[in-house]
Amino acid sequence: MSEVRVRFPPSPTGYLHIGGARTAIYNWLFARKHGGKLVLRIEDTDAERSTQESIQGIIDGLTWLGIDWDEGPYFQTAHAAEHVAAANRLLAESKAYKCFCTKEELEAKREAALAAKADYKYDRTCRCLTPEESAAKEAAGMPFVIRFKVPDRPGTVAFDDKVYGVVERAYADIEDFVIVRSNGAPLYLLSNVVDDIRDRITHIIRGQDGLTNTPRQILLYEALGAQLATYAHMPLTLDLNRAKISKRSHGEIVAVQFYRDHGFLPWALANFLVLLGWSSGDDREIFSREELIAAFSLEGINRANSVFNYRPGDPKFFTDPKALNINAHYLRTMPVEEIGGLVAEELKKEGLWDPAYDGERRGWYLATVDLIRSRFHTLKDFATLGRAYFADEFEVEPQAVEKNLRKNAELKTWLSQLADRFAALPAFTGEETERVAREMAAELNVKPGLLINAARTVVTGRVAGPSMFEVLAAMGRDRVVARLRDVEKFY
RNA sequence: GUCCCCGUCGUCUAGCCAGGUCCAGGACACCGGCCUUUCACGCCGGCAACACGGGUUCAAAUCCCGUCGGGGACGCCA
């Protein structure tokens, strides 16, 4: 039994698209599951877009996601001579022919067919040329393309797709397609097949948009005398209007980089993406890397296109709610040491990092991260919503002031009295601060919540947060007392 | 238009191949409750779908046909 070999062949566009990322993930999972190899091959024949930066964008995206490959990156342009050689071989074996029809002629025929509401297919004019006629045209300096000679026989080209089952297409419905341009450059259909044969690819896992290319590529495999790969086409990802998602119409939201820049955990994104069109068959949705590799199979891929549930301008969810939910899930369940390291990166970017968090204050740092993480959805939240825990300058939510401070003007004096009592406490612990706060509420004959919520607003700047007394302990006496005494600024 | 593919809750999906255990299960979102000093977390509960029409069958989400709907491909792009 031969080794499983799959490939991910992106064309460089400067960023990794989430659809492309999903394709890469499926290929990667399949390779890892079967102890095979993943080949990264850059289809860079479009010289315009193939800059070093755009290639790097793809590589960075894959690397960030944790998708590693075993071979490559290979570059399609490095093999152009092979592609042409394959075409010449087909020519020599009469499996292809030179076509001298001009673009204008073809365009006219195509339009005529369209006008007549008929199906357009190349009419094989040049296939019928005698060798002499063909040689004469070439000698006259007429430019030509090379077309593949689709076998003239009844029946269909059929293949057993691992996702869609048996798919067939009548020979009669396939036109003699161009494999080499008039300038001598080979076309994708040919190059792709030649590369897959050379790279000994055993399984081609790609988007459903490649489904109609498959019969033509199979013909090429046959003509080239190569052993056919197994195909598995995966459904596409559409937007809520059922349109294909693209950077052009959806912007950054479809780029993997966007998620990296908005506080996503790489694996959380991968976990979300894999669920878009695949399921394990049981009820699990959260998978560790190892669990996913074990659970993955081509059979679990769904046939229907899936919808990326993204609503532009949604105030609550800046991307698919499920993606956010999965990210938040990992945020609050992963080992605190691990998330502590990722949060550290965010704090450093915002200038909130204290080297002591890695030293004598590490215990405090990790406990604080653990204390606040269940309310956050992305890594960014630690430096924004959680800023008060790491800095003395932080914004205070206007609603919090309105709701917890302004409604009762006496709070102004009560909070500074509370600060005094805290300052006098022998031990500044959660139990002691709670006891003191509750005693004071009882003396004043007000609900404890009044003082607690007011204190939360002053100390953290926010209406919502962890248990107030845990917050106080985390903040430390000095900060708490100072912030409580500074309450006047809100009146 | 032609060819190919698809059609289960708002979204992701299980079930379909081997028809009954499905008046359809899970997750997200949403709503309600519990917990509680707030908001989350957690737990409990609720709302919500087999596109439509025929057929086969004792029985159909599951098999067959048709209709409608959606997507993809129809390039000297990849």
Side-chain angles (χ1 to χ4, degrees), chain A residues 9-13 43-46 49 76 99 101-103 106-107 110 113-114 116-121 143-147 161 163-165 167-170 173-175 177-185 187-189 191-192 207-215 233 235-236 238 240 242-244 272 275-286 302-311 316-317 320-326 328 332-333 372-377 400 403-404 434 437-438 441 447-457 462-469:
Chain A
S11 54
T13 48
E43 310 230 310
D44 58 345
T45 46
D46 184 341
R49 291 187 295 180
Q76 190 159 65
C99 171
C101 297
T102 64
K103 280 184 188 173
L106 295 174
E107 197 48 50
R110 191 174 292 128
L114 211 65
K117 291 196 171 186
D119 181 27
Y120 173 76
K121 264 201 332 283
F144 61 88
V145 298
I146 300 177
R147 281 183 189 274
D161 191 276
V163 173
Y164 288 97
V167 176
E168 29 185 0
R169 180 106 192 258
D173 287 336
I174 308 174
E175 75 168 351
F177 53 96
V178 177
I179 53 178
V180 178
R181 292 185 180 90
S182 53
N183 66 3
L187 254 5
Y188 164 79
L189 229 39
S191 304
N192 191 253
Q208 199 227 72
D209 46 354
L211 199 57
T212 49
N213 284 333
T214 308
H233 287 89
L236 269 19
L238 313 175
L240 281 166
R242 310 271 158 183
K244 218 168 150 180
F272 165 71
L275 257 19
L276 233 41
W278 173 86
S279 73
S280 62
D282 52 40
D283 289 336
R284 287 181 298 163
E285 295 198 320
I286 299 293
N302 193 232
R303 280 181 285 273
N305 291 337
S306 54
V307 171
F308 177 58
N309 192 11
Y310 156 64
R311 294 184 297 275
K316 195 165 176 191
F317 305 103
D320 190 313
K322 189 144 189 167
L324 250 4
N325 174 273
I326 291 175
R332 64 178 180 260
T333 57
I372 61 185
R373 64 171 163 166
S374 77
R375 286 162 189 79
F376 296 160
H377 296 103
K403 184 181 168 198
N404 295 328
E434 176 159 12
R438 287 185 188 280
K447 287 185 178 175
L450 185 70
L451 292 179
I452 292 169
N453 291 327
R456 174 178 294 106
T457 297
R462 310 202 55 85
V463 264
S467 162
M468 190 52 214
F469 302 104

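Just so we're on the same page: letters track the sequence lines, and every chain starts at 1. Every value quoted in this text rests on a predicted model; they were computed, and no experiment measured them.
Across all strands shown, B:C16 forms no Watson-Crick or G-U wobble pair with both distances under 3.5 Å. When Watson-Crick and G-U wobble pairs are counted only if both distances are under 3.5 Å, B:G53 pairs with B:C65. Pairing of B:G45, defined by two Watson-Crick or G-U wobble distances under 3.5 Å, is identified with B:C31. Nucleotide B:C23 has no partner under the Watson-Crick or G-U criteria, as no pair reaches both atom distances under 3.5 Å.
A straight line from CD1 of A:Ile286 to P of B:C12 spans 17 Å, rounded to a whole angstrom. Straight-line distance from the CG atom of A:Asp320 to the P atom of B:U11: 12 Å, rounded to whole Å. One atom, CZ of A:Phe177, and another, P of B:A78, lie 14 Å apart when rounded to the nearest Å. Remark: P of B:U11 and CG of A:Asn309 are 8 Å apart, rounded to the nearest angstrom. The interatomic distance linking A:Lys322 (NZ) with B:U13 (C1') rounds to 7 Å, in whole Å. Here the P atom of nucleotide B:C12 and the CG atom of A:Leu324 are 17 Å apart, to the nearest Å. Spacing between atom CG of A:Asn325 and atom C1' of B:U11 amounts to 12 Å, rounded to whole angstrom units. The interatomic distance linking A:Arg284 (CZ) with B:A27 (C1') rounds to 14 Å, in whole Å.
At a threshold of 4.0 angstrom between heavy atoms, the contacts of A:Pro9 with the nucleic acid are absent. Nucleic acid contact class of A:Ser306 (heavy atoms, under 4.0 Å, all strands): sugar-phosphate only. When heavy atoms are screened at a 4.0 angstrom cut-off, A:Glu434 is found touching no nucleic acid atom at all. Looking at heavy-atom distances under 4.0 Å, A:Phe317 makes contact with sugar-phosphate atoms alone, never a base. The residue A:Ser467 sits close to a base: some heavy atom pair falls under 4.0 Å. Residue contacts for A:Pro448: at a heavy-atom cut-off of 4.0 Å it reaches no nucleic acid atom on any strand shown. Using a 4.0 Å heavy-atom criterion, one finds that A:Val307 contacts the sugar-phosphate atoms exclusively. Across all strands, A:Gly165 comes closer than 4.0 Å to no nucleic acid atom at all (heavy-atom distances). Within 4.0 Å of A:Glu285, counting heavy atoms only, lies at least one base atom of the nucleic acid. Using a 4.0 Å heavy-atom cutoff across all strands shown, A:Lys316 reaches sugar-phosphate atoms only and no base atom.
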Nucleotide by nucleotide, nucleotides 70-75 of chain B touches protein heavy atoms under 4.0 Å in the pattern (B base, S sugar-phosphate only, - none) SBBS-S

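The residue among A:Gly281 and A:Arg332 whose nearest nucleotide of RNA chain B is located toward the 5' end is A:Gly281. Two residues, A:Thr102 and A:Val463, neighbour RNA chain B, and the one matched to the more 5' nucleotide by heavy-atom proximity is A:Val463.
With sequence neighbours excluded, the residues forming a side-chain contact (heavy atoms from CB on, under 4.5 Å) with A:Pro321 are A:Asn309, A:Arg311, A:Phe317, listed by chain and number.
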